[in-house]
Amino acid sequence: MYTQAMDTIGKDGNAEPKAPLRSADDLLAEAPLQQRFDAAIDAGDFIEAKDWMPEHYRKTLVRQISQHAHSEIVGMLPEGNWISRAPTLKRKAILLAKVQDEAGHGLDLYAAAETLGTSRDQMLEALHSGKAKYSSIFNYPTLSWADMGVIGWLVDGAAIMNQVPLCRCSYAPYARAMIRVCREESFHQRQGFEALLTMMTHGTPAQKEMVQDAVNRWWWPSLMMFGPADADSPNSEQSMRWGIKRLSNDALRQKFVDATVEQARTLGVTMPDPDLKWNEECQQHDFGAIDWAEFWQVVGGEGPCNRERLGARVKAWDEGAWVRDAALAHSRKQAARVATAQVAA
Ligand SMILES: [Fe+2]
Ligand SMILES: [Fe+2]
C-alpha cells in the first residue's frame, strides 16, 4: 500500500540519515562520480543498483523503501482481522486476495531495498525494535465491516495518489517495483468503493449508518497519510531534488481531496469536515485544519493500536523462527550433497 510521505521521521529526528562526513581525499576522488550522478538526475535518468550514488541518497532510499515495505506488511493486520468475518464468500475471496497482494508488495519492496546493500534481517530488526517507522494509518482500529470498504476507498486511494509519482522515482529498482504495486492498488481501491456502494445502494439504514461512521473515523487519518505540511517537511526538498519524490505532501493531499469529494457524492456519504467546500477562484477544494498533534502522537508510538501492531509482528517473527531454521538447514544439506557429488565425480 502505502506511503505516508515515506520520508516521515520521528519528531526528534532520530531516524534521519545524516550525510556522512567525507575526507578531502574522498571528496576529490568522488568528484567525477558525483558529477555524473548529478547530470543523470538533472537529465531525469534512472539510477541503477550498480551505479555510483552518494551515501546520503542511498541512506534516504533505504529508509523510505524499508518504511514502505514495513507499511505493506503491518498494513495486512487491520484487514486480516476481518477475513474470518467477511459477510459473503465473494467478499472473503476479495479481501483475502487483497491482503495477499499487500504481502507481495512488502516482499517486492524489501527486495528493492536490499539492492542498496541493507539486509532484510537488518530492516526487520529495525521494525521489531521500534526504530523503523511504518505508515501511521495502520495504528487505527478496524471496528466494523464498513472499515474494509473505507480502507480500500480512502487508504488505498491515498496510497495510489502517493505511489503513482514513485513509478518515476530516480532509483530504478524502486520505480519498477512501484509500477506493479500501483496496478494492484487500483484493484484495492475499486473493491473498497464497490463494497461501500453496494451497502449505500442496497443496504439497510443501519448499514448506511455504519458506512458513514467508518468514513467519519478514517477521513482525517487518510489526509495525514500524505505526511506533514510542506513547511514542516524539511526532507522533502532534498528528496525532490534527487527525483525520489515528485510532488510535495500538500500538493498530493490536495489532489486526493479533490478526487474523493466527487466519489463521496456518488456514494452518498459526507466527509466529517464543515470547512470542506469548493473554492471557485483556486479551482480546488478548501478543507479544515488537520490535527497535527494527533499525527505526531501516532507517529511517536502513542496511537490507538501501535503496541498491538508491533506486538503482532514480533510474535509472528518469533513463531516463524522454526520455519526459517528448517529452510536454512535444508539448503545447507542440499549444498553439502552437491559438494559431495562434485568430489565423487
Ligand atoms: Fe500495497
Ligand atoms: Fe493496497
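The chain is numbered in sequence order, starting from 1. In each ligand, atom 1 is the first atom listed, and ligand 1 is the first ligand listed. Below, all heavy atoms of this structure are taken into account, side chains as well, without hydrogens, waters or symmetry copies.
- Among the atoms of Glu102, an N, O or S atom falls under 2.8 Å of the Fe ion (ligand 2).
- Because the distance cut-off is set at 2.8 Å, His188 qualifies as a neighbour of the Fe ion (ligand 2) through one of its N, O or S atoms.
- The N, O or S atom of His105 lying closest to the Fe ion (ligand 1) is ND1.
- Side-chain contact check for Thr142 versus Met148: some heavy-atom pair is nearer than 4.5 Å.
- At a threshold of 2.8 Å, the Fe ion (ligand 1) has a backbone or side-chain N, O or S atom of Glu185 nearer than that distance.
- Expressed to the nearest 0.5 Å, how far CD of Glu102 lies from OG of Ser71 amounts to 10.5 Å.
- Side-chain atoms of Tyr134 and Ile73, non-hydrogen and from C-beta on, never get closer than 4.5 Å to each other.
- In this structure, Lys98 does not pair ionically with Glu185, as no charged nitrogen and carboxylate oxygen lie closer than 4.0 Å.
- Sorting the N, O or S atoms of Asp156 by how far they are from the Fe ion (ligand 2) puts OD1 first.
- Between Thr270 and Leu276, the closest side-chain pair of non-hydrogen atoms is not below 4.5 Å.
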